[in-house]
Amino acid sequence: MATRCDIIHFFIFSIALLSLLSSSSSLAVNAASKPHAFILPIEKDPRTLQYSTSVEMGTPPFTLDLVIDIRERFLWFECGSDYNSSTYHPVRCGTNNCIQAKGTDCITCINHPLKTGCTNNTCGVQPFNPFADFYVSGDVGQDTLSSAHSTTRARAPSNLHVPAFVSSCVYPDKFGVEGFLLGLARGKKGVLGLANTAISLPAQLATKYHLQRKFALCLPSTSKFKKLGDLFIGGGPYYLPPHDASKFLTYTPLVTNPHSTGPIFDDDPSAEYFIDVKSIKVDGKTVNVNSSLLSIDKQGNGGTKLSTVIPYSRLHSSIYRPLVNSFVKKAAVRKMKRVASVAPFGACFNSRRVGNVPAIDLVLGGGVEWRIHGANSMVKVNKKVQCLGFVDAGLEPGSPIATSIVIGGYQMEDNLLEFDLASSRFGFSSSLSLHNATCSHFRLL
């Protein structure tokens, strides 16, 4: 028969065991709920060729469809009469957040009633519209960001709730906000900046959730039938059916341009993403170009950077012309029939004779090669004609360009691209079609 002492000992042991199980369960829940990465869907607009994603801002949630720009420093959006958030707080002049945003002035709200996005003694910045090529005036504020999707496993999304997210809102002037949004795809409310700054979306999420300082893009070649690409923030796995595409990545160093090259010119290094292109090959043969243009000079000119707002890669004339000449010669060997050029392209071919297209290789720092296959080099301009999808930047009006090569969105589609900021390296997969995968897929969110 159990003694009273035995019963007391059993009771104490039971309480301790329940406490331990409860603690373990709590730790397991916390570990499971802590995200290690986030995924946002990417849509391609067929008319403007812009890439966009959606988030929600404020309380109640205000839906924002935003164009993705890896050059812009932060998220900015128009905040008209529909944006009245109870969780909005202005960033005051002279604060750390204002300094990180590189505030340009201190705003007072004279022409509008005081409201969300229009307050006095507020940090002011100049967001950049990359499609109309002008600056707008915006306030810096903090609000709740939501509707992103976190991943605790390969693709197990849950809602994201980020308080005090720093962004800039553009308040309509007497001419209306449409002027500020000129050139953006229909229905888009602003720009999602992914540049290498302290207040870009990847940087803020990495700081708040102790994530890896990296993000990855998988730009879709089409969004027909609701097929979407992915923006991964915080690292892999990069699950692209049927693979984790992390294993397809090859790495090259990211290059720091010591001079500002973005919309705002200052004394800081560029926040854009540069890679070191050593040479260019067509079907394995090196193209004879002015090699000095491939390096960044003391003034910050030259070199190669990446852009999500430029549809097709732009090349300095001294690089573009030799590349086109080499491609045309190799195309002739393959019996591709050249036809009249279709602007803005310089080399076009009869679609019926376009088969095995000459491969273009970018030879990068570290001795690796980024191969641009036919799907990323040839653009179908109509049923009868396909053109080499590169543009002579030197032929554009008023286009003395500082950067020699700007790799555009079309050349990056259906490639997994990782921007590892902690290790200062750029990962690329080349075309995922080689692995029976694509960036244009159905999302089960």
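All figures in this text were calculated on a predicted structure; none of them were measured in a lab.
- For Phe248 and Tyr238, the gap between ring centers reaches or exceeds 6.0 Å.
- Listed by first then second residue, pairs satisfying salt bridge (Lys or Arg N to Asp or Glu O under 4.0 Å) with a partner in residues 295-305 read Glu272-Lys305, not counting sequence neighbours.
- Looking at residues two or more places apart in sequence or on another chain, you find no salt bridge (charged side-chain N to carboxylate O under 4.0 Å, His left out) involving Asp105.
- Scanning for salt bridge (charged side-chain N to carboxylate O under 4.0 Å, His left out) contacts around Lys278 gives Asp276, with sequence neighbours left out.
- Listed by chain and number, the residues in a salt bridge (charged side-chain N to carboxylate O under 4.0 Å, His left out) with Arg92 amount to none (sequence neighbours excluded).
- Cys387 is linked by a disulfide (SG to SG under 2.5 Å) to Cys348, counting only residues two or more places apart in sequence or in another chain.
- Taking the six-membered ring wherever Trp is involved, the centroid distance between the rings of Trp76 and Phe180 does not fall below 6.0 Å.
- Judged as a ring-ring contact (aromatic ring centres under 6.0 Å, His included), and not counting sequence neighbours, the contacts of Phe345 are Tyr312.
- Using a distance-only test at 3.5 Å, with no hydrogens or angles considered, a donor-acceptor pair links the side chain of His316 to the main chain of Ser318.
- Annotation: salt bridge (charged side-chain N to carboxylate O under 4.0 Å, His left out) contacts of Asp268 (sequence neighbours excluded): Lys102.
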Derivation and outcome, side chain to side chain donor-acceptor pair (under 3.5 Å), residues Asp143 and Ser85: CA-CA 8 Å; Asp143 209 340; Ser85 173; 2.8 Å; yes
Identify all side-chain donor-acceptor contacts of residues 58-67 below 3.5 Å with residues at least two apart in sequence or on another chain.
residue: Thr59; atom: OG1; partner: Thr87; partner atom: OG1; Å: 2.9
residue: Asp65; atom: OD1; partner: Ser54; partner atom: OG; Å: 2.4

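- At least one donor-acceptor pair under 3.5 Å links the side chain of Ser200 to the backbone N or O of Ala195.
- Applying the side-chain hydrogen bond (donor to acceptor under 3.5 Å, both in side chains) test to every pair with at least one member in residues 188-199, sequence neighbours left out, gives these pairs: Ser52-Lys188, Glu78-Lys189.
- Here Leu181 contributes atom CG and Phe131 contributes atom CZ; the two are 11.0 Å apart, rounded to the nearest 0.5 Å.
- Sulfur-to-sulfur, Cys123 and Cys93 sit at least 2.5 Å apart at their SG atoms.
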Assess whether ring-ring contact (aromatic ring centres under 6.0 Å, His included) is satisfied between Phe38 and Tyr209, documenting all intermediate values. CA-CA 10 Å; Phe38 297 98; Tyr209 292 100; 5.2 Å; yes
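- Ser292 and Asn290 form a side-chain donor-acceptor contact under 3.5 Å, judged by distance and modelled atom types alone.
- Atoms OG1 and CH2, on Thr304 and Trp370 in that order, are 10.0 Å from each other to the nearest 0.5 Å.
- Within 6.0 Å of the CG atom in Asn96, the count of heavy atoms belonging to other residues, nucleotides or ligands does not exceed 12.
- With sequence neighbours excluded, the residues that form a side-chain hydrogen bond (donor to acceptor under 3.5 Å, both in side chains) with Gln411 are Ser313.
- Residues satisfying the ring-ring contact (aromatic ring centres under 6.0 Å, His included) criterion with Phe215, sequence neighbours excluded, are Tyr273, Phe419.
- With values rounded to the nearest 0.5 angstrom, Asn436 atom CG is found 12.0 Å from Leu240 atom CG.
- Ser270 is not listed as a side-chain neighbour of Ser260, based on a closest heavy-atom distance of 4.5 Å or more.
- Of the inter-residue distances, the one linking Met378 atom CE with His373 atom NE2 reads 15.0 Å to the nearest 0.5 angstrom.
- Atoms CG and CD1, from Leu201 and Ile233 in turn, are 3.5 Å apart once rounded to the nearest 0.5 Å.
- Leu254 is not listed as a side-chain neighbour of Phe274, based on a closest heavy-atom distance of 4.5 Å or more.
- Atom NZ of Lys208 has more than 12 neighbouring heavy atoms from other residues, nucleotides or ligands inside a 6.0 Å radius.
- Partners of Ser295 under the side chain to side chain contact (heavy atoms under 4.5 Å, CB included) rule, at least two apart in sequence or in another chain, do not exist in this structure.
- If you take CG on Asp230 and CG on Leu40, they are separated by 9.0 Å, rounding to the nearest 0.5 Å.
- Two residues are said to be in side-chain contact when any heavy atoms from C-beta on lie closer than 4.5 Å; Asp45 and Tyr51 fail this criterion.
- By the 6.0 Å contact criterion, CG on Asn288 is open, its count of non-hydrogen atoms from other residues, nucleotides or ligands being 12 or less.
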Hey, mind stepping through Ser317 and Asp392 against side chain to side chain donor-acceptor pair (under 3.5 Å) and telling me if it holds? CA-CA 6 Å; Ser317 294; Asp392 187 344; 2.7 Å; yes
